[in-house]
Amino acid sequence: MESLLAASSSLPAAAFSPPSSLSSTSSSPHALRSAVAGAARAVRCSAAKDSILYALEHDEMFNSAEVIQWESGKSINSIAAAQGIRIRRRCRPRYPSEGSGADKAVPRNMLEQIIWDKEVEVSQRKAKKPLQKVIESSQHAPPARDFVGALTAAYRRNTAPALIAEVKKASPSRGVLREDFNPVEIAQSYEKNGAACLSILTDEKHFQGSFENLETVRNSGVKCPLLCKEFVIDIWQIYYARSKGADAILLIAAVLPDLDIKYMLRISKNLGMTALIEVHDERELDRVLKIDGVRLIGINNRSLGMVIIISCKCLQSFEALRIIVDIDVYWNFFIIETFKVDTSNTKTLLEKRGDLIRDKGILVVGESGLFTPDDVAYVQNAGVSAILVGESLVKQENPRQAIAGLYGKELLH
């Protein structure tokens, strides 16, 4: 705080505008305001208009209702819940399966489990490579490629939704999707056969991905823009993804409060990256549409699922039930998730908000449940300009046939 205050008399207000000027001080707007709020209020009347304190006091995010609520004692989870976010944050230094009592908890669904694990992973990664080091590394990365531009050009070229082909080895519910997994070979074959962009899974614990895969694909000669498919909860991940060659980043509205999305959008834009903001339902879509600067929205047709927690002692027909729903085991409990996939979700949301989306010039990506030419045509008619496809492609040995089978034709590239 002292160094920030010391700089306030000489730094112009513009120093606040780039996110990187904040990042060495804090990894979130919550912490930043906490660090300087008292001092900023104390000098509000006397702060010169060219000072950083003046810029902070007049920044929309710094003065958001969420930050004020947080300063007033509300928890991050309660603030998020008020926005309809069901994914709770644990902020524990250990994995939830470790410890006892309050340190041990059962997640409501798989996404919540992933986020809890991600909190621990990011904390450990930051300890090894602090934010400022990652920011410096990102500044040496080649310029980001135009993700939205590539999708738009592919749509016009093929008169069909542009393909974001996903390089993914495994998933939590399906296990290993491809034993002979070579990310570079898969990425190159997707690009050769018409993929406009590529999505690279970087989560290790649940998807057997890695940032090393992202970096290797980027350095392999692949020209397609790359989406870092990560469960982002901290700006550290965005800078790290850029340092590894990512051109776009995934932000999940079911996980991130509005303020975090705004802040991460600002950082992504400053880095030249595109943010693909994923929504599942109407409430999430409405939240995102109120945020300025959104260029790309992904509609996921897979619901977050209804969760039933049953003690192992009470469940007799485990194998029979597994046939009906996905089941995971955590600490003597079965977590049952009915992850329904319904492509009509895309049509419904675009019927309700399509005009507003078009007025804002936002491109829509269809996600999940896309396996056939009829599926692709259905979401295209609903208003989708691109699709993100993973499992149905990566499980097939021949990428050319897989993509042609998905579209009913070979794609131009």
Side-chain angles (χ1 to χ4, degrees), residues 111 114-115 118 144-155 161-168 187 190 195-203 207 209 211 214 217-218 224-235 237-242 244-256 258 260-281 284-285 287-302 304 345-346 349-350 353 357 360-370 379 383-390:
L111 180 57
I114 292 172
I115 295 305
K118 189 61 63 175
R145 295 169 180 175
D146 186 355
F147 198 88
V148 173
L151 296 179
T152 302
Y155 184 86
L163 176 62
I164 307 172
E166 193 152 85
V167 180
K168 176 169 68 173
Y190 284 159
C197 299
L198 301 174
S199 169
I200 313 295
L201 257 296
T202 53
D203 179 76
F207 290 86
F211 281 98
L214 173 64
V217 171
R218 177 77 295 159
C224 284
L226 303 183
L227 168 70
C228 176
K229 188 73 173 291
E230 172 71 339
F231 296 86
V232 174
I233 57 172
D234 192 293
I235 64 168
Q237 295 161 281
I238 302 177
Y239 284 105
Y240 194 63
R242 179 81 276 271
K244 297 297 182 180
D247 307 294
I249 193 77
L250 176 70
L251 304 178
I252 304 176
V255 172
L256 300 169
D258 298 349
D260 286 341
I261 294 176
K262 292 176 184 177
Y263 188 55
M264 291 174 178
L265 271 173
R266 178 182 290 189
I267 288 171
S268 299
K269 183 178 180 181
N270 190 60
L271 292 171
M273 301 174 72
T274 300
L276 169 60
I277 305 181
E278 180 179 281
V279 303
H280 296 82
D281 55 37
E284 291 178 5
L285 179 57
R287 284 174 48 212
V288 172
L289 288 175
K290 292 177 182 177
I291 298 174
D292 293 333
V294 176
R295 301 181 65 199
L296 200 60
I297 291 178
I299 298 178
N300 197 326
N301 296 311
R302 186 185 302 274
L304 290 179
N345 182 51
T346 295
L349 293 183
L350 291 181
R353 301 291 182 267
I357 289 172
K360 286 179 169 287
I362 297 171
L363 188 149
V364 179
V365 180
E367 303 175 15
S368 298
L370 305 173
V379 295
V384 161
S385 299
I387 58 174
L388 193 157
V389 182

If you apply the rule side chain to side chain contact (heavy atoms under 4.5 Å, CB included), what do you find for T152 with L363, and how did you get there? CA-CA 8 Å; T152 302; L363 188 149; 3.8 Å; yes
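- Under the 4.5 Å side-chain criterion, counting only non-hydrogen atoms from C-beta, C228 is in contact with F211.
- When all heavy atoms of S199 and E166 are compared, the closest pair comes out as OG-OE2, 2.8 Å.
- Residues V365 and L296 meet the side-chain proximity criterion, which asks for heavy atoms closer than 4.5 Å.
- Distance check: I200 CD1 to C224 SG gives 9.5 Å after rounding to the nearest 0.5 Å.
- Note that CD1 of I297 is 11.5 Å distant from CZ of R353, once rounded to the nearest 0.5 Å.
- Considering only heavy atoms from C-beta on, V379 stays 4.5 Å or farther from V364 through its side chain.
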May I have the step-by-step check of side chain to side chain contact (heavy atoms under 4.5 Å, CB included) for V232 and L250, ending in yes or no? CA-CA 7 Å; V232 174; L250 176 70; 5.8 Å; no
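- Without hydrogens or angle criteria, N345 side chain to D281 main chain gives no donor-acceptor distance under 3.5 Å.
- If you take CG on L256 and CD on E284, they are separated by 10.5 Å, rounding to the nearest 0.5 Å.
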Could you give me the CA-CA distance, side-chain angles and deciding distance for D247 and R218, then say whether salt bridge (charged side-chain N to carboxylate O under 4.0 Å, His left out) is met? CA-CA 10 Å; D247 307 294; R218 177 77 295 159; 2.6 Å; yes
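- A salt bridge does not link D203 to K229: none of the charged nitrogens lies less than 4.0 Å from a carboxylate oxygen.
- Here the shortest heavy-atom pairing between A196 and P225 reads O-CD, 3.5 Å.
- Within the 4.5 Å cutoff, side-chain heavy atoms of I252 are placed close to those of H280.
- If you take CD1 on I235 and CD1 on I267, they are separated by 4.0 Å, rounding to the nearest 0.5 Å.
- Side-chain contact between I238 and S268 is present, with at least one heavy-atom pair separated by less than 4.5 Å.
- The shortest heavy-atom contact between K118 and F231 is CG-O, 3.4 Å.
- Residues V279 and I299 have side chains in contact (heavy-atom distance under 4.5 Å, counting atoms from C-beta outward).
- Taking the side chain as every heavy atom from C-beta outward, L276 and I249 never approach each other to under 4.5 Å.
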Starting from the C-alpha separation in whole Å, work towards a yes-or-no answer on side chain to side chain contact (heavy atoms under 4.5 Å, CB included) for V288 and D258. CA-CA 8 Å; V288 172; D258 298 349; over 6 Å; no
For L151 and C197, run side chain to side chain contact (heavy atoms under 4.5 Å, CB included): C-alpha distance rounded to whole Å, both residues' side-chain angles, the deciding distance at 0.1 Å, then the answer. CA-CA 7 Å; L151 296 179; C197 299; 3.6 Å; yes
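- Residues V389 and I387 come closest through the heavy atom pair CG2-CD1, 3.8 Å.
- Between L214 atom CG and L198 atom CG the span is 10.5 Å, to the nearest 0.5 Å.
- Here the closest non-hydrogen pair linking V384 and G366 is CG1-N, 3.6 Å.
- T274 and V148 get closest at one heavy-atom pair: CG2-CG2, 3.7 Å.
- To the nearest 0.5 angstrom, L227 atom CG is 4.5 Å from F147 atom CZ.
- A donor-acceptor pair is defined here as one N or O able to donate and one able to accept, closer than 3.5 Å; such a pair exists between the side chain of R287 and the backbone of A253.
- Q237 meets the side chain to side chain donor-acceptor pair (under 3.5 Å) test with E230; sequence neighbours excluded.
- Using modelled atom types, one side-chain atom of N301 and one backbone atom of T346 make a donor-acceptor pair closer than 3.5 Å.
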